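Single-structure report; data block below.
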Amino acid sequence: MARYDRAITVFSPDGHLFQVEYALEAVRKGNAAVGVRGTDTVVLGVEKKSTPAPRLPVLLLHLLLSSVRKIVSLDTHIALACAGLKADARVLINRARIECQSHRLTVEDPVTVEYITRYIAGLQQKYTQSGGVRPFGLSTLIVGFDPYTGVPALYQTDPSGTFSAWKANATGRNSNSMREFLEKNYKETSGQETVKLAIRTLLEVVESGGKNIEIAVVTKEHGLRQLDEAEIDAIVAEIEAEKAAAEAAKKAPSKDT
Amino acid sequence: MKLDLSGLQSFPSIPGSAVDDLGEDLFAAPSFQLPACSDFDGFQKDAIQMVKPAKGTTTLAFIFKEGVIVAADSRASMGGYISSQSVKKIIEINPYMLGTMAGGAADCQFWHRNLGIKCRLHELANKRRISVTGASKLLANILYSYRGMGLSVGTMIAGWDEKGPGLYYVDSEGGRLKGTRFSVGSGSPYAYGVLDSGYRFDMTVEEAAELARRAIYHATFRDGASGGVASVYHVGPDGWNKLSGDDVGELHYKYYPVAPTPVEQEMTDAPAA
């Protein structure tokens, strides 16, 4: 039998692709994720909150939660975080990892961040224009360094297959508030300052504490490094202290007059 | 065996027809029609033997301080018959990369042009030039997928990219070697002799070009399948540049000018009685 076109993603009368928009809804319900680009560091942060399964014992649940990593590496110099359907993410990540190695094999060069982003976005687009499939229900934040120029990069893709480069961006739950915060507070940072900015952004929408936040830092020298709970707690404490000091400073002048 | 027919595709951009199982980007590859004969392997061997003598040529390339020098002769021979004395054996893939031709002329020309297309597409997609490493790997992978089917290509890819000068040898057996000095063709042993003994890393462009010219000349002198014009190109940071194209016959008399012998001179002095 000839191939039938079982298209699911078709245009609506007013030019919308509803399946893609519904996919964006799925993204909006996913875990919060933020990416920040500094001059020599790029940071990814995700919220670790997930609705616990009602019947699992608490201890088992805790073990499960702590072993699931939400920020993954695509190659030694590229990391990815996503918001949305995690099962879809696994498929996309596997294809991206294969493409990274395939590129190394055929061109004897590591991929650039732009190249792999283009590939992932292209894949997401293909699934909006093919028969019998639905779009991927996730947006990704991709960070890394250009293998030659050493320039750091942050890119975002979404279910429609569009992608663009960013200085900082957020996706998933409460991404609007995070983006507002970034628009007000973003400035060029480097090293630890970049990490702090990412954590401060996440803290706007997530309960404070190392066990609710996952942070990964990518630098040119050390590649991808996941921060452990203790480190995150320490930085959170620093941030709280700074906030308290700022509050106190604000109150002090009015007291003098 | 899965053939890499990507070289033969005329890049259609409409994705609708191409998407088959969504898993792969490949178009449903047309099957390669094998010749109907009882002994296919033997047939392949004979086909290759038929084409083999056609690597009658001398090409060479080497890296030195100022970049890459690429040189070649220009003779095409079919057995004992010289079919042409003016074949362009140095193929301009793009303004900063050169390829040399040895083996089947059609194979070399076609696949080098094809490589040029791929390099340009890479530039457009990635907003940066492809490296010599990448370009030679693309060619080597295509040639490998046609391994055993009678292609005869012995080429050197020379260029200048972000990493500096690059030189690779690629052949139709699927081999790919990175190196600083290569010579390919029936005249290569003679060329190597001159090239290896005169080579120094820090030469000027003129010295390097003269070394290449001499090496080609000596190869054409001793090898019957090489001759015609010795062309010399230089690849620098701004791309390639043709330096010279000298007829090897004229080069011979330049290097070894004919001196009149004393006996003849005496005879002309004898007065006519």
Side-chain angles (χ1 to χ4, degrees), chain A residues 1-11 88 91-92 94-96 98-136 144-151 153 155 161 163-165, chain B residues 2 4 6-7 11 13-28 97 114-115 118-145 157 159-164 166-170 174-179:
Chain A
M1 267 305 214
R3 273 172 265 131
Y4 282 105
D5 179 35
R6 304 231 180 273
I8 295 175
T9 316
V10 288
F11 279 113
D88 286 3
V91 171
L92 207 55
N94 280 334
R95 298 281 285 277
I98 291 174
E99 179 62 22
C100 285
Q101 296 310 308
S102 177
H103 186 274
R104 278 184 186 259
L105 183 61
T106 49
V107 190
E108 276 188 16
D109 262 346
V111 295
T112 55
V113 190
E114 203 251 338
Y115 177 92
I116 197 63
T117 306
R118 210 168 353 113
Y119 175 80
I120 291 174
L123 209 50
Q124 287 180 293
Q125 191 280 341
K126 216 190 289 200
Y127 279 68
T128 67
Q129 207 178 4
S130 310
V133 296
R134 59 159 175 83
F136 284 100
F145 284 84
D146 185 301
Y148 284 115
T149 60
V151 172
Y155 282 86
F163 71 96
S164 36
Chain B
K2 192 84 177 236
D4 175 11
S6 57
F11 304 84
S13 47
I14 310 110
S17 52
V19 175
D20 203 18
D21 285 314
L22 268 181
E24 302 308 311
D25 237 330
L26 288 175
F27 316 93
M97 239 191 276
N114 185 273
L115 182 62
K118 288 198 149 156
C119 291
R120 184 75 184 121
L121 286 174
H122 179 102
E123 259 181 53
L124 289 170
N126 295 289
K127 291 185 263 199
R128 67 189 331 165
R129 283 184 183 169
I130 192 171
S131 57
V132 183
T133 315
S136 60
K137 192 111 191 201
L138 285 177
L139 182 63
N141 287 339
I142 293 177
L143 293 179
Y144 181 79
S145 69
I157 305 292
W160 188 295
D161 60 28
E162 283 167 359
K163 291 179 254 189
L167 178 61
Y168 285 82
Y169 164 74
V170 178
R176 173 172 165 270
L177 299 170
K178 181 174 157 84

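Each chain gets a letter, A, B and so on, in the order the sequences are listed, and its residues count up from 1. In this text, all values refer to a predicted model and were calculated from it rather than measured experimentally.
Under the rule for a side-chain contact (heavy atoms from CB on, under 4.5 Å), the partners of A/Asp146 that lie at least two apart in sequence or sit in another chain are A/Thr112, A/Tyr148, A/Thr149, B/Arg128.
For the pair B/Arg176 and A/Glu108, the minimum side-chain heavy-atom distance is below 4.5 Å. At least one side-chain heavy atom of B/Asn141 sits less than 4.5 Å from a side-chain heavy atom of A/Thr106.
For chain A, the nearby parts of B/Ala125 are the backbone and the side chain; heavy atoms of each come within less than 4.5 Å.
The shortest non-hydrogen separation linking A/Asp109 to B/Ser131 is OD2-OG, 3.8 Å. Residues B/Lys137 and A/Leu105 come closest through the heavy atom pair CE-O, 3.0 Å.
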